[in-house]
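Here is the structure we will look at, set down as structure tokens.
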Amino acid sequence: MIIETATPDDLPKLLAFRKEAAAWLSALGSDQWRRPYPADRLLATIETGTVFMVRDGGATVATITLTPAAEEGLWLDEELAQPSMFVNKLTVAREYAGRDLGGRMLDWAGDRAYRAGMTWLRLDAWTTNQGLQRYYVRHGFEYVRTVREGGAVNGGPRVSGWLGQRRTRLDESHGLTDRTVDSPTAVRKRHSSAGGGVQSTSSSYDCGK
């Protein structure tokens, strides 16, 4: 499998991933991702070069967003001062579920962040999805706190406020062939010019397996 930087042509697939995941979550009794995510905001994220796609042969099977921009209102100023990368929109096609591809992408993200000089890999998860929270804990993330104040980009109150973090590390065990556009060095330079972690006003649509 390879991982590469998303292009605008990937937008329909990303929206389809979300629709598929929302239907699966609904069948499990979860309210996660029921609100549509604005396509224009997703396209804008793609254009920042922080969205990545996993391909298996001719199929696109998973996606992850890895960015130095933190969602506004989640992380404290002293936390934002620490070199960090933030994961969101982690999604795996249902036909690839059960293979721990999500875990491999998290390991890729931690390795990429480490090579870029970051200390922490951080994320926020759906507040009521305890199964998802346990998943991240099993993959080495420590619970930080739950933030309930604020709103979601697609309307309504904040619904993704469970915060987790784990230290970055050098790790090539993920086995993904990296064909991304930006090197970790370029990511590090962007982070340094921003003065550490920066806040973004755009909300993620939560990390998912």
Side-chain angles (χ1 to χ4, degrees), residues 13-39 41-42 45-46 50-54 61-67 69-76 79-80 84-110 113 120-166 197 199-209:
K13 187 63 176 179
L14 290 166
L15 293 171
F17 274 156
R18 179 181 172 88
K19 184 177 180 180
E20 179 187 51
W24 173 68
L25 288 163
S26 180
L28 295 177
S30 173
D31 63 346
Q32 185 171 337
W33 293 1
R34 286 186 181 175
R35 291 193 186 97
Y37 192 83
R41 287 183 178 268
L42 184 52
T45 306
I46 292 172
T50 59
V51 182
F52 305 97
M53 312 298 287
V54 175
V61 300
T63 181
I64 187 173
T65 296
L66 182 64
T67 173
E71 183 181 335
E72 186 176 4
L74 287 179
W75 298 91
L76 304 177
E79 292 167 337
L80 291 171
S84 307
M85 295 290 281
F86 300 88
V87 170
N88 54 62
K89 305 181 182 71
L90 172 61
T91 315
V92 175
R94 293 309 306 154
E95 63 181 301
Y96 278 73
R99 308 184 192 186
D100 199 32
L101 181 52
R104 292 171 63 188
M105 288 192 291
L106 289 171
D107 290 342
W108 170 85
W120 294 104
L121 186 65
R122 288 171 164 156
L123 53 79
D124 59 275
W126 202 262
T127 304
T128 60
N129 192 336
Q130 296 181 357
L132 180 59
Q133 295 160 18
R134 289 192 294 269
Y135 172 84
Y136 289 124
V137 170
R138 289 198 304 272
H139 282 81
F141 285 84
E142 297 179 355
Y143 171 68
V144 178
R145 64 182 169 277
T146 299
V147 178
R148 301 183 186 278
E149 298 78 14
V153 67
N154 51 347
R158 186 186 300 283
V159 288
S160 185
W162 184 94
L163 305 185
Q165 65 182 17
R166 79 181 195 193
Q199 292 209 29
S200 169
T201 56
S202 64
S203 171
S204 69
Y205 53 75
D206 197 68
C207 302
K209 291 175 280 185

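Nothing fancy with the numbering, it's 1 onward along the sequence.
- Side-chain contact of His139 with Asp107: a donor-acceptor pair under 3.5 Å is absent, judged by distance alone.
- Rounded to the nearest 0.5 angstrom, Thr65 OG1 and Met53 CE are separated by 9.0 Å.
- A donor-acceptor pair is defined here as one N or O able to donate and one able to accept, closer than 3.5 Å; no such pair exists between the side chain of Arg145 and the backbone of Gly164.
- Here the straight-line distance linking atom CH2 of Trp126 with atom CH2 of Trp162 works out to 15.5 Å at 0.5 Å rounding.
- Judged by the 6.0 Å and 45° rule, Arg138 forms no cation-pi pair with Tyr135.
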Exercise for the section: Mind running side-chain contact (heavy atoms from CB on, under 4.5 Å) on Val54 and Met105 for me, showing each step along the way? Expected result: CA-CA 9 Å; Val54 175; Met105 288 192 291; 3.5 Å; yes

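- With salt bridges taken as basic N to acidic carboxylate O contacts below 4.0 Å, none links Glu71 and Arg122.
- Between Trp108 and Phe52, the angle of the ring planes goes over 60°, which puts this pair in the perpendicular group of the 30/60° scheme.
- The two residues Gly161 and Thr127 have their closest heavy-atom pair at N-OG1, 2.9 Å.
- Summarising the geometry, atom CD belonging to Gln133 is positioned 13.5 Å from atom CZ belonging to Phe141; distances are rounded to the nearest 0.5 Å.
- Here the straight-line distance linking atom CG of Leu66 with atom CE of Met85 works out to 3.5 Å at 0.5 Å rounding.
- Within the 4.5 Å cutoff, side-chain heavy atoms of Leu106 are placed close to those of Arg166.
- To the nearest 0.5 angstrom, Phe17 atom CZ is 14.5 Å from Lys89 atom NZ.
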Practice task
Could you walk me through whether Thr63 and Val51 pass the side-chain contact (heavy atoms from CB on, under 4.5 Å) test, one step at a time?
Solution key: CA-CA 7 Å; Thr63 181; Val51 182; 3.8 Å; yes

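- Atom CG of Leu163 and atom CG of Leu123 lie 8.5 Å apart (nearest 0.5 Å).
- When all heavy atoms are compared, the tightest approach of Leu90 to Gly102 is CD2-O, 4.2 Å.
- The two atoms that bring Ala125 and Leu132 nearest to each other are CB-CD2, 4.1 Å, heavy atoms only.
- The aromatic ring centres of Phe86 and Trp120 sit 6.0 Å or more apart.
- The shortest side-chain heavy-atom distance between Trp75 and Asp124 does not fall under the 4.5 Å cut-off.
- Between Val61 and Val92 the shortest side-chain heavy-atom distance does not fall below 4.5 Å.
- Panel note: side chain Thr50, backbone Ile46; no donor-acceptor pair is recorded below 3.5 Å.
- Taking 4.5 Å as the limit, some side-chain heavy atom of Glu79 sits within range of a side-chain heavy atom of Val144.
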Practice task
List the steps and the verdict of side-chain contact (heavy atoms from CB on, under 4.5 Å) for Asn88 and Ile64.
Solution key: CA-CA 6 Å; Asn88 54 62; Ile64 187 173; over 6 Å; no

